[in-house]
Amino acid sequence: EAQVTQNPRYLITVTGKKLTVTCSQNMNHEYMSWYRQDPGLGLRQIYYSMNVEVTDKGDVPEGYKVSRKEKRNFPLILESPSPNQTSLYFCASSLYANQPQHFGDGTRLSIL
Amino acid sequence: GESVGLHLPTLSVQEGDNSIINCAYSNSASDYFIWYKQESGKGPQFIIDIRSNMDKRQGQRVTVLLNKTVKHLSLQIAATQPGDSAVYFCAENSKAGTALIFGKGTTLSVSS
């Protein structure tokens with residue numbers, strides 16, 4: 001089944017403790033992206049990747065890192081999480097940019 | 001700046017009615033638009049897309065209309081069913097085509 005898989009689905013952690021949210025797609029898509037969803041603000045892009053080893057900032061990249069060492073994986077790294085990063089995070093992928101993006105089911109992060 | 005908005009945050013309809021969800025966009029240079037459906041606890045799910053060289057596109061029970069003159073996008077759902085209850089987002093591509101810019105969503109409630 002074609003899908004985008006995120007892990008974990010839920011995480012409660014404390015300020016400053018590094019965490020990684022993994023994202024994997026099995027559709028051989030070149031484009032991948034991370035969004036966060038907050039009430040009243042909608043979905044906002046954090047980082048995106050056009051292909052392996054090619055990443056760039058989205059609208060709200062501060063406090064986040066990403067890497068794209070393999071086509072299928074695009075992890076989101078929070079080196080020193082803070083409470084303002086408490087949010088619902090979505091990973092998405094598409095064959096190329098400007099194509100319909102397929103979304104994972106989300107990761108709900110709570111930073112205390 | 002670029003933004004996509006929806007006219008109504010909520011829409012309530014009876015089962016069997018036709019639903020129309022509207023969206024206004026601000027970037028006249030946008031050439032690709034998508035409608036997504038998001039159910040509780042899930043990621044956005046692709047419904048239908050349209051490129052700027054078209055005015056109308058039909059899918060199964062759904063139609064998207066694009067009016068570039070007034071920068072307006074709409075999603076029509078025929079014979080709305082309880083399973084259509086969800087939050088609907090319109091999205092447009094960014095200037096570089098590397099991101100989707102989402103509106104804030106319309107919650108569709110379908111009563112039997």
Side-chain angles (χ1 to χ4, degrees), chain A residues 1-7 9-10 21 23-25 27 29-51 54-61 66 68 74 87-108, chain B residues 1-10 21 23-27 29-54 57 59 62 64 73 75 86-107:
Chain A
E1 179 188 352
Q3 58 186 2
V4 177
T5 304
Q6 298 178 225
N7 279 296
R9 292 292 314 279
Y10 305 91
V21 184
C23 174
S24 181
Q25 51 92 6
M27 296 169 278
H29 285 170
E30 292 194 354
Y31 177 90
M32 297 186 74
S33 183
W34 276 102
Y35 295 87
R36 60 179 288 175
Q37 186 174 34
D38 301 289
L41 296 175
L43 282 141
R44 295 175 294 166
Q45 190 185 50
I46 303 170
Y47 268 94
Y48 67 93
S49 171
M50 299 289 278
N51 212 328
V54 180
T55 63
D56 210 342
K57 297 176 180 178
D59 292 326
V60 288
V66 293
R68 187 92 183 273
F74 190 44
S87 187
L88 180 58
Y89 291 85
F90 289 101
C91 181
S93 74
S94 58
L95 186 58
Y96 305 110
N98 244 6
Q99 300 268 325
Q101 293 182 26
H102 300 258
F103 283 78
D105 280 336
T107 295
R108 187 166 291 281
Chain B
E2 298 175 274
S3 66
V4 176
L6 288 169
H7 292 301
L8 292 174
T10 61
I21 301 172
C23 177
Y25 64 94
S26 60
N27 184 4
S30 293
D31 60 2
Y32 181 56
F33 305 88
I34 304 181
W35 281 100
Y36 282 94
K37 171 187 180 183
Q38 186 175 21
E39 296 173 288
S40 181
K42 295 188 176 181
Q45 177 187 357
F46 169 81
I47 302 173
I48 192 167
D49 60 356
I50 189 167
R51 299 203 181 262
S52 59
N53 60 352
M54 302 175 71
R57 192 160 188 229
V62 295
V64 55
L73 192 69
L75 177 71
V87 180
Y88 289 81
F89 294 93
C90 65
E92 64 178 309
N93 64 326
S94 64
K95 283 184 290 196
T98 54
L100 290 176
I101 300 169
F102 285 82
K104 292 183 173 53
T106 289
T107 300

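Lettering of chains follows the sequences in order, A, B, ..., and the numbering in each one begins at 1. Basis for what follows: all heavy atoms, side chains included, without hydrogens, waters or symmetry-related copies.
In this view, Tyr32(B) satisfies the ring-ring contact (aromatic ring centres under 6.0 Å, His included) rule with no residue, not counting sequence neighbours.
Looking only at heavy-atom pairs under 4.5 Å with chain B, the residue among Gly106(A), Cys91(A), Gly40(A) that has the most is Gly40(A).
Using a 4.5 Å cut-off between heavy atoms, Gln38(B) touches chain A through its side chain atoms alone. Using a 4.5 Å cut-off between heavy atoms, Tyr96(A) makes no contact with chain B at all. Neither the backbone nor the side chain of Arg108(A) has a heavy atom closer than 4.5 Å to any heavy atom of chain B. Contacts between Leu100(B) and chain A at a heavy-atom distance below 4.5 Å involve backbone atoms as well as side-chain atoms. Gln101(A) touches chain B through backbone and side chain together, each having a heavy atom under 4.5 Å away.
Taking all atoms of both residues into account, the shortest heavy-atom contact from Ser94(A) to Gln99(A) is CB-O, 3.8 Å.
Here the rule is side-chain hydrogen bond (donor to acceptor under 3.5 Å, both in side chains) with Asn93(B), and of Asp49(B), Asp31(B), Thr98(B) only Asp31(B) fits it. Remark: of the listed residues Phe102(B), Tyr36(B), Phe89(B), Phe102(B) is the sole one forming a ring pair (Phe, Tyr, Trp, His ring centres under 6.0 Å) with Tyr35(A).
Using a 4.5 Å heavy-atom threshold, the side chains of Phe74(A) and His29(A) count as separate.
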